[in-house]
Amino acid sequence: MSLVASSYGKGNVKFLKVKKNPSNPKEQDILQANVQVLLRGNFDISYTKADNSPIVPTDTVKNTVLVEAKTTDVWPIERFAAHLAKHFINKYSHVSGIEITIQQARWTRFDVNGKPHAHSFRHDGPETRNTYLNYDRSGKLVLESSIKDLTVLKSTGSMFYGYNVCDYTTLKPTKDRILSTSVASTWTFDPKKVSTLDDVFKAADKGLFDNTYDAARNTTLELFALENSPSVQATMYNMSTKILKLVPEVSKVDYVLPNIHFVLFDLKWKGIESNDELFYPSSDPNGLIKSTVARDANAKL
Ligand SMILES: O=c1[nH]c(=O)c2[nH]c(=O)[nH]c2[nH]1
């Protein structure tokens, strides 16, 4: 028998960072993060020989995340992920690679008396901004960022008809239905354009990661609202191609969209016209629709 693969580290390392404007310390920004760091490398003897000598304790990994969060810039999360990768690779010669996941909570500054307040924020529900960075000492870099748990609903402007009909079909075609989903959208940065950790730092300075997040989120919301959707499938494809058009540094866009159903409460039995006005939420079963759209049709997935 042999150990075929292993990695280890710390998950759920959480912090809130406060950034103060040096010229007006009451003007602040915040970032709440949940970080996971997994190390791989020359750790086999800790599994196979009970020899702990190579192990950097997960407690040390936790301390590192928190110390570095205090002493370096954590905006945007892609920069902080690259910073942590560089730190662990440089500090421990037996670490051959690292996988970092950062989830950022959505705190939104709110207005008071018509203008954005200097240091007050509203928690905007379960929606998160995320990044995943996988780096190999050999230089190979994978960088994917995402939005998760962005729950949306439109009460009209969605259709579903013309589908395959067989002896198992009970669904009625419709040109007007409710459409609701909880968006998971992931965009992968082109490894030819963002190919090193230094490229990540440079791209962060230029605003690429914030701009791409804004493009993906705005595209998702705008197309969801504006399109008379023929299906979840067609709408998610349109969202993906628009993001690829807007951001040349992105090579691939993935969506995972549950179809959250609302069932009409039919009141004909009571002599009341239903008129598509009263529905009950139906949590399960739900449709689940996934797609990957790549700029290059021959891209290796
Ligand atoms: O947009 C949709 N796609 C489907 O594949 C599907 N299947 C279904 O029953 N309703 C829907 N809606």
Side-chain angles (χ1 to χ4, degrees), residues 106 124-130 144-188 212-247 250-270 272-301:
R106 198 172 154 82
D124 247 1
E127 180 189 344
T128 54
R129 170 177 172 172
N130 312 277
E144 299 172 356
S145 295
S146 63
I147 296 167
K148 298 219 168 86
D149 298 325
L150 167 60
T151 303
V152 287
L153 181 151
K154 67 193 299 193
S155 46
T156 186
S158 165
M159 312 177 281
F160 190 59
Y161 64 90
Y163 45 80
N164 182 291
V165 174
C166 67
D167 54 336
Y168 283 74
T169 309
T170 55
L171 186 73
K172 298 276 172 280
T174 178
K175 296 204 171 166
D176 185 4
R177 66 171 182 173
I178 289 176
L179 183 60
S180 178
T181 188
S182 179
V183 177
S185 170
T186 303
W187 49 97
T188 303
T212 307
Y213 169 76
D214 289 342
R217 192 169 187 278
N218 292 337
T219 297
T220 301
L221 292 174
E222 279 168 25
L223 281 183
F224 181 80
L226 297 179
E227 198 184 65
N228 189 11
S229 170
S231 66
V232 173
Q233 285 88 334
T235 297
M236 73 208 291
Y237 181 75
N238 289 340
M239 291 171 176
S240 307
T241 55
K242 176 135 188 233
I243 295 168
L244 287 166
K245 272 187 203 129
L246 288 173
V247 192
V250 168
S251 58
K252 180 164 79 82
V253 176
D254 290 272
Y255 272 88
V256 178
L257 299 181
N259 195 354
I260 303 172
H261 303 299
F262 288 82
V263 179
L264 183 69
F265 187 49
D266 195 339
L267 286 158
K268 276 198 206 83
W269 58 275
K270 199 149 175 46
I272 298 174
E273 183 57 53
S274 298
N275 201 24
D276 282 353
E277 282 176 339
L278 194 74
F279 298 81
Y280 57 91
S282 163
S283 60
D284 44 58
N286 63 270
L288 184 61
I289 309 190
K290 307 204 305 180
S291 66
T292 300
V293 180
R295 186 179 301 283
D296 171 5
N298 301 315
K300 252 199 353 207
L301 298 179

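In each ligand, atom 1 is the first atom listed, and ligand 1 is the first ligand listed. Index from 1, following the sequence. Quick note: numbers below take in every heavy atom, side chains included, and nothing from hydrogens, waters or symmetry partners.
No side-chain heavy atom of Y213 sits less than 4.5 Å from a side-chain heavy atom of S145. Side-chain contact between W187 and V247: absent, with no pair of heavy atoms (C-beta onward) separated by less than 4.5 Å. Residues D254 and S240 fail the side-chain proximity criterion, which asks for heavy atoms closer than 4.5 Å. At a threshold of 4.5 Å between non-hydrogen side-chain atoms, the residues F262 and R177 do not count as touching. Within the 4.5 Å cutoff, no side-chain heavy atoms of N286 are placed close to those of I260.
In Y168, the OH atom is not crowded: 12 or fewer heavy atoms of neighbouring residues, nucleotides or ligands sit closer than 6.0 Å.
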When you check ligand 1 against the protein, what N or O pairs turn up below 3.5 Å? List the atom names and distances, or just say none.
residue  : atom   : partner : partner atom : Å
ligand 1 : 1 (O)  : R177    : NH2          : 2.9
ligand 1 : 1 (O)  : V232    : N            : 2.7
ligand 1 : 3 (N)  : Q233    : OE1          : 2.8
ligand 1 : 5 (O)  : Q233    : NE2          : 2.9
ligand 1 : 12 (N) : R177    : NH1          : 3.0
ligand 1 : 12 (N) : R177    : NH2          : 3.4
ligand 1 : 12 (N) : N259    : ND2          : 3.4

